[in-house]
Amino acid sequence: MNIELLKKLTECFSPSGREDRIRDIIKAEVEPYVTDVWTDALGNLICHKKGPGKKLMMAAHMDEIGFMVTHIEDSGFLRFVNVGGISAYNCINRAVVFENGTVGVISYENKEKAASAGLSQMYIDIGAKDKAEAEEKVEIGSMAGYKGELSLMGELATSKTMDDRVGCFVLIEAIKAAKESPNELFAVFTVQEEVGLRGAKTSAFAVEPDMGFAIDVSMTGDTPESSFASLSLGKGPGIKLKDASFIINPAARDFAIKAARVAEIPYQLEAAAYGGTDAGAINLTRGGVPAGTISVPTRYIHSPQEVVSLSDVENSITLVTKMIETAI
Ligand code: CO
Ligand code: ZN
């Protein structure tokens, strides 16, 4: 497996709305393998591979959750809002990095217990002694993401942005591996999923797919006393039947399950109470599009240390490759 590429993708800075850097990396990887590539007005990277059949859209989101500066205190500390699903307990005393490389630490007003502090009682410390010094590095609207590296834990790997750079990785590697293209393939690396599936909404409208899948992370239920979730690490990709954003279309379900069986990989069926993926937006495009989601099982989603199994990643690549090679 190309761990170096997964490392490069997960360590890249690209919160929602600032996907330029990750898009450049992905474009360079995919361009030699497709017919044409373009970037739309919102910033989605659309990779098109000609084929004789119907239009298949495969989507993986490029953006990551992050932070935006709303106010700079006279003391040089920054106040911020979340961009996407940031929980307070996941970000206290964590390092973040801004687009220009400025590093900060998020902490909270000491009058609260950490557990009850909300984001409005929190701040980013960038080591500035006053407002003027802080303004040399950041301004209102500057965005930060978690700072971190990819680390291996035996067969598992952890990084800040498995959501959804691991999905981008799976789609990139599947595009490279696919030997045939019976469908008209549109591999779309979407923007702004974390703030409401926005890039998938506009790109699916433009592409008009006959069927679409998101490739994204999904929560596991395999840690001590975890809340109920059917996925476990190491048992293969999930075929997600439902979350808060969509219910899989039977044609999409059958297509994905058949591809997994033909590819002879393990897979897990999954029905989730919460969450959403780009499939939710694709599904509701124009007159409606049969849509589903392929999940990479992931622990600690939306924390700075999301954990996946490398065998699941490998099997996800095999599954998505087989889907690309199969006429819908
Ligand atoms: Co997410
Ligand atoms: Zn995601």
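Atoms within each ligand, like the ligands themselves, are counted from 1 in listed order.
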Chemist: Can a donor-acceptor pair be found between the side chains of S232 and D222 at a distance below 3.5 Å?
Modeler: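 The answer is no; no qualifying pair exists.
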
Chemist: Hey, are E270 and S295 close enough side-chain-wise for a donor-acceptor pair under 3.5 Å?
Modeler: yes

Chemist: Can you count the protein N, O or S atoms that lie less than 2.8 Å from the Co ion (ligand 1)?
Modeler: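 N, O or S atoms of the protein closer than 2.8 Å: 4.
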
Chemist: Decide whether S309 and E155 meet the rule of one side-chain donor and one side-chain acceptor closer than 3.5 Å.
Modeler: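 Indeed, the side chains of S309 and E155 share at least one donor-acceptor pair under 3.5 Å.
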
Chemist: Scan side-chain atoms only and decide if H61 and D278 contain a donor-acceptor pair under the 3.5 Å cut-off.
Modeler: no

Chemist: Where the side chain of D63 meets the backbone of E194, is there a donor-acceptor pair that is under 3.5 Å apart?
Modeler: yes

Chemist: Is it true that a side-chain atom of R79 and a backbone atom of V69 form a donor plus acceptor pair closer than 3.5 Å?
Modeler: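 No.
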
Chemist: Just say parallel, tilted or perpendicular for the rings of F186 and H48, cut-offs at 30° and 60°.
Modeler: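 If you compare the ring of F186 with that of H48, the planes turn out parallel.
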
Chemist: Keeping to distances under 2.8 Å, can you name the protein N/O/S atoms close to the Zn ion (ligand 2)?
Modeler: H61 NE2, D163 OD1, D216 OD1, D216 OD2

Chemist: Will you find, in the side chains of T318 and N315, an N or O donor that is under 3.5 Å from an N or O acceptor?
Modeler: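 No donor-acceptor contact under 3.5 Å links the two side chains.
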
Chemist: Judged by atom type as modelled, is there a donor-acceptor pair below 3.5 Å linking the side chain of T102 to the main-chain atoms of F98?
Modeler: no

